[in-house]
Amino acid sequence: MGMFERDTEIYLDRDALREDYQPENLVGRDTELNRYRAALQPVINGEQPNNIFLYGKTGVGKTAGTRYLIDHLEEDAAKYEDIDLTVKMLNCDGLSSSYQIATRLVNEFRDETSQISTTGYPRATVYDMLWTELDSCGGTIYIVLDEVDHIEDDSILYQLPRARANDNLSSAKIGIIGISNDFSFRDDLSPKVKSSLCEEEIQFPAYDAKELIQILQQRADVAFHDGVLEDGVIELCAAYGAKDAGDARQSLDLLMKTGDLARDKDTDTISEDLVREARDVLERGRIQEGISGLTQHGHLVVYAMVTLDQEGKTPARTRDIRPRYTNFAEKAGIDPLVPRRMRDHLGELSMLGIISAIERNEGRRGGTYREYSLEMDPEMILAALEKTVDDVGIHKSVTNLVDSEATLSDFQST
DNA sequence: ATTCCACAGGAATGAACGGAAC
DNA sequence: GTTCCGTTCATTCCTGTGGAAT
């Protein structure tokens, strides 16, 4: 018997569950895609392309729809001699400034031997490089900026559409497609950017439970062998995504993770219990990812929250978290952060979904303040902390972790 | 209607750091 | 090496805010 054997029991085509899988038709997005297609039409007519702005929650088909239409657009554009279409897609996740977008875009147009560094250049130099690349590419260029709301300044969104008018470009026609999870991003744009970027706006509504089930069913039919999925599995995965505002991606990820578990365990079918197990694994991964991106001080704040939670002292307001945090910081031999900064960390943890905040107001007697609670399983958070923070484990168990010197050894500054 | 509590969070600023260019 | 540049994490100072108390 070989060391490796091909697994065939569960999957027929696992890739059908991947985010980038392209199904033959997209469920429940007909009206949106029709409008989208109409907005792209000028490309084929050889006209100046529209700038398009898509918004809607995560996992509602914005990116999938874009890929679907862009593929067809490229295919159809190729049929016309006089149309030279180039499309560059860039996910802005992890990028925070126009500068970073610009450097990535330059690299998109350059080959591997002449890539530029993403830091070090003056801003204007990077823009100049970008105009040069765009112009030498020529034709119609669509730039798709996915998760564009991650950019904190809109300079690139202002510069790109105007590059032609500003004589930075002579031959290329530029169109921008901005994709955002966050509708308020649109309102925060400066008026001049808003009017140019939002020429065409298309809103993608969340999937309802029925549509989610349909999507999962469609993919599962391709992905799994017949009869592998037990009753209720699809529905359970759909419910998971529906809880987070109709997010198909989450549902599909869950289904795939469940399938992977089944494959690893060599089971013949996929049960609801396995889905719950997979949900646990994914949750752990999410926490891990969030925790590992935090500062030392962020870790201390999480740790303070976990201990407070264990003592039943949550929800806790900033005033109550503060002394716990400073205590830990001192024990770890680190200068505690100023309150303002600690609040920033609490806010960051809320964004990550590790803790949650509710605003309270007791008027003249109490003023406004926030109460924070743990949103994730404390054991999972501690496991993530343990993995992330160097050296030995922070704790052996959740019990008795307060006031224990040993538990804080890892936070010792280097 | 006005006052006022206890914060939230914006803005300005700076130190530390890594990369580019000279 | 030095200088210039952008980013991140932090501090300092400040204005904003919603509703109970007056």
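These numbers come from a predicted model, not from an experiment. Just the heavy atoms: all of them, side chains too, but no hydrogens, waters or symmetry mates, feed the values below. Lettering of chains follows the sequences in order, A, B, ..., and the numbering in each one begins at 1.
- At C/dC9, none of the side-chain N or O atoms of A/His345 fall inside 4.0 Å of OP1 or OP2 (strictly under the cut-off).
- When the P atom of B/dC4 is taken as reference, atom CD of A/Glu362 falls 19 Å away, rounded to whole Å.
- Proximity of A/Thr318 to the phosphate of B/dA8: a side-chain N or O atom is located under 4.0 Å from OP1 or OP2.
- Between the base of C/dG19 and the side chain of A/Arg365 there is no donor-acceptor pair shorter than 3.5 Å.
- Of the residues A/Val27, A/Leu212, A/Ile234, A/Leu229, the one that meets the side chain to side chain contact (heavy atoms under 4.5 Å, CB included) test with A/Gln217 is A/Ile234.
- Nearest approach of A/Asp320 to A/Leu308, heavy atoms of both residues: O-CD1, 4.3 Å.
- Between A/Tyr127 atom OH and C/dC5 atom C1' there is a gap of 15 Å when expressed in whole angstrom units.
- Side-chain atoms of A/Arg340 and base atoms of B/dG10 include a donor and an acceptor less than 3.5 Å apart.
- Cation-pi check for A/Lys62 over A/Tyr55 is not met; the charged atom does not lie both under 6.0 angstrom from the ring centroid and within 45 degrees of its normal.
- Figure legend: cation-pi geometry between A/Lys57 and A/Phe204 absent, as NZ or CZ is not positioned both under 6.0 Å from the six-membered ring centre and within 45° of its axis.
- Contact annotation: A/Arg123 side-chain N/O to C/dG6 OP1/OP2 distance is under 4.0 Å.
- With B/dG9, B/dA21, C/dA21 as the candidates, the nucleotide lying closest to the side chain of A/Arg364 is C/dA21.
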ring-ring contact (aromatic ring centres under 6.0 Å, His included) evaluation trace for A/His72 with A/Tyr68 = CA-CA 7 Å; A/His72 283 89; A/Tyr68 176 83; 4.8 Å; yes
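- Using a 4.0 Å heavy-atom distance criterion, A/Arg341 is classed as a base contact.
- Residue contacts shown for A/Arg317 are limited to sugar-phosphate atoms, with no base heavy atom under 4.0 Å away.
- Rounded to whole angstrom, the span from the CD atom of A/Glu348 across to the P atom of B/dA8 amounts to 16 Å.
- When the shell of 6.0 Å around CZ of A/Arg186 is examined, it contains more than 12 heavy atoms from other residues, nucleotides or ligands.
- Using a cut-off of 4.0 Å between Lys/Arg side-chain N and Asp/Glu carboxylate O, A/Arg276 and A/Glu272 are scored as salt-bridged.
- Distance CG (A/Leu300) to P (C/dA10): 11 Å, rounded to an integer number of Å.
- Across the protein-nucleic acid pair, A/Asn107 atom CG and B/dA20 atom P stand 11 Å apart, rounded to whole Å.
- Atom-to-atom, CG of A/Leu294 to P of C/dT8 comes out at 15 Å; the value is rounded to the nearest Å.
- Within 4.0 Å of A/Ser97, counting heavy atoms only, lie sugar-phosphate atoms of the nucleic acid but no base atom.
- Between A/His297 atom NE2 and C/dT8 atom C1' there is a gap of 13 Å when expressed in whole angstrom units.
- Between the C1' atom of C/dG6 and the CG atom of A/Leu95 lies a distance of 14 Å, rounded to the nearest Å.
- Scanning residues 366-375 of chain A for heavy-atom distances under 4.0 Å to DNA chain C yields A/Gly367, A/Thr368.
- Side chain of A/Gln100, nearest nucleotide from C/dA10, C/dT8, B/dC7: C/dT8.
- If you check every strand for non-hydrogen atoms under 4.0 Å, A/Thr125 touches nothing.
- The cationic group of A/Arg29 lies under 6.0 Å from the six-membered ring centre of A/Tyr207 and within 45° of the ring axis, placing it in a cation-pi geometry.
- Judged by distance alone with a 3.5 Å cut-off, a donor-acceptor contact links the side chain of A/Asn361 to the base of C/dG18.
- When heavy atoms are screened at a 4.0 angstrom cut-off, A/Glu359 is found touching no nucleic acid atom at all.
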